[in-house]
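The structure appears right after this line, and notes come after that.
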Amino acid sequence: MKLIYSSIYGQLFGLPTKVSIRPNGVLLVVKNKATEIKWKNLTCPPRFSSTWLGKTIIFSTAGDNFILTNLAYSSEKKYKTYCEQLWIAENSNHLSTLLDKIDTVVTSRYLRQSQIKNIHLAIKKEYSKWFPWAKTSEALGD
């Protein structure tokens, strides 16, 4: 388990925050209120950004965005790739299954317009999960 805490500024003036990065998901603890999010429920890997007061991490699910601010300055450098690897491990099977199903459908019969539309929607949904972050991810390698 990897931990990310509030920056010094966050500890002094913000809400006490802790992010526990686990193989099955993340545990967000803000002001002693815990929220657990599984990797499979995230629509993309956590997004890190910098501010003067620390790092901001955004965890996005289908229904919510969890935005944690004033976190340790080193958190992105230490944990971004690790978080992406865990997210990829949990979500790559879904991508592979989808591609196999599409391949089976398009090679086995003539497609109706409605089937093409459904395939297009499934690809569009999966594309939004993987791109554009995958283009620059160190977790995917070259």
Side-chain angles (χ1 to χ4, degrees), residues 1-108 111-142:
M1 173 173 49
K2 314 265 187 203
L3 297 172
I4 301 172
Y5 293 99
S6 297
S7 66
I8 299 233
Y9 175 81
Q11 291 173 20
L12 294 174
F13 302 108
L15 298 174
T17 302
K18 180 174 74 171
V19 178
S20 300
I21 303 168
R22 302 169 175 186
N24 62 338
V26 292
L27 179 65
L28 313 175
V29 181
V30 179
K31 203 174 177 179
N32 295 323
K33 181 183 176 199
T35 303
E36 187 171 2
I37 306 171
K38 303 286 185 193
W39 292 113
K40 67 181 178 179
N41 294 335
L42 290 173
T43 57
C44 63
R47 297 183 307 276
F48 291 77
S49 62
S50 298
T51 68
W52 287 97
L53 306 175
K55 290 291 180 178
T56 297
I57 305 176
I58 301 171
F59 297 93
S60 297
T61 64
D64 287 315
N65 282 327
F66 298 89
I67 303 170
L68 305 173
T69 59
N70 305 329
L71 297 173
Y73 292 95
S74 63
S75 58
E76 180 176 13
K77 184 177 179 180
K78 287 183 177 179
Y79 303 120
K80 181 177 189 270
T81 301
Y82 181 66
C83 286
E84 289 176 351
Q85 289 169 340
L86 292 171
W87 186 88
I88 290 166
E90 185 65 38
N91 289 279
S92 61
N93 286 339
H94 182 265
L95 177 62
S96 180
T97 302
L98 175 65
L99 293 174
D100 288 344
K101 285 180 182 178
I102 290 172
D103 184 54
T104 301
V105 168
V106 299
T107 58
S108 65
L111 297 177
R112 294 181 171 163
Q113 191 64 31
S114 61
Q115 291 171 317
I116 294 171
K117 184 177 179 180
N118 290 337
I119 290 171
H120 178 73
L121 289 173
I123 291 171
K124 187 175 180 180
K125 180 180 176 186
E126 205 62 27
Y127 181 87
S128 68
K129 287 175 72 173
W130 289 87
F131 294 97
W133 72 267
K135 294 177 184 177
T136 59
S137 173
E138 292 180 19
L140 292 171
D142 293 330

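Side chains are part of it too, since the values below use all heavy atoms of this structure and drop only hydrogens, waters and symmetry mates. The structure presented is a predicted model; accordingly, all values stated were derived computationally and were not measured. Numbering starts at 1 and runs along the sequence shown.
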Find the distance between [atom1] ([X]) and [atom2] ([Y]) and round it off to the nearest 0.5 Å.
X	Y	atom1	atom2	answer
Leu98	Asn93	CG	CG	12.5 Å
Ser75	Leu3	OG	CG	12.0 Å
Glu138	Glu84	CD	CD	8.0 Å
His94	Leu99	NE2	CG	10.0 Å
Ile102	Gln115	CD1	CD	12.0 Å
Trp39	Cys83	CH2	SG	4.0 Å

Under 3.5 Å donor-acceptor, [X] side chain and [Y] backbone:
X	Y	value
Asn41	Ile37	no
Gln11	Ser6	yes
Ser74	Ala72	no
Tyr82	Ala139	no
Trp133	Cys44	no

Compare every heavy atom of [Y] with every heavy atom of [X], then report the nearest pair and how far apart it is.
X	Y	result
Tyr73	Trp52	OH-O, 2.7 Å
Leu28	Phe66	CD1-CB, 3.8 Å
Lys129	Thr43	CG-O, 3.2 Å
Phe59	Pro46	CE2-CG, 3.4 Å
Phe48	Tyr79	CZ-C, 4.3 Å
Ser92	Ala89	OG-O, 3.8 Å

### Message
Within a 6.0 Å radius of atom CD1 on Ile116, are there more than 12 heavy atoms belonging to other residues, nucleotides or ligands?
### Response
yes

#### Entry: Stepwise side-chain hydrogen bond (donor to acceptor under 3.5 Å, both in side chains) check, Ser20 with Lys2
CA-CA 6 Å; Ser20 300; Lys2 314 265 187 203; over 6 Å; no

### Query
With a 4.5 Å limit on heavy-atom distance, are the side chains of Glu90 and Lys38 in contact?
no

### Message
So Glu36 and Asn24, do their side chains get closer than 4.5 Å, heavy atoms only?
### Response
yes

### Pairs involving residues 59-70, ordered by first then second residue, that meet side-chain hydrogen bond (donor to acceptor under 3.5 Å, both in side chains) (sequence neighbours left out)
Arg47-Ser60, Ser60-Asn65

### Message
Is the ring pair Tyr9/Phe13 parallel, tilted or perpendicular, if the boundaries are 30 and 60 degrees?
### Response
tilted

### Message
Can a side-chain donor-acceptor contact be found between Lys55 and Ser50 if the only test is distance below 3.5 angstrom?
### Response
yes

### Message
One pair to check against side chain to side chain contact (heavy atoms under 4.5 Å, CB included): Trp130 and Ile88. What are the steps and the verdict?
### Response
CA-CA 9 Å; Trp130 289 87; Ile88 290 166; 3.9 Å; yes

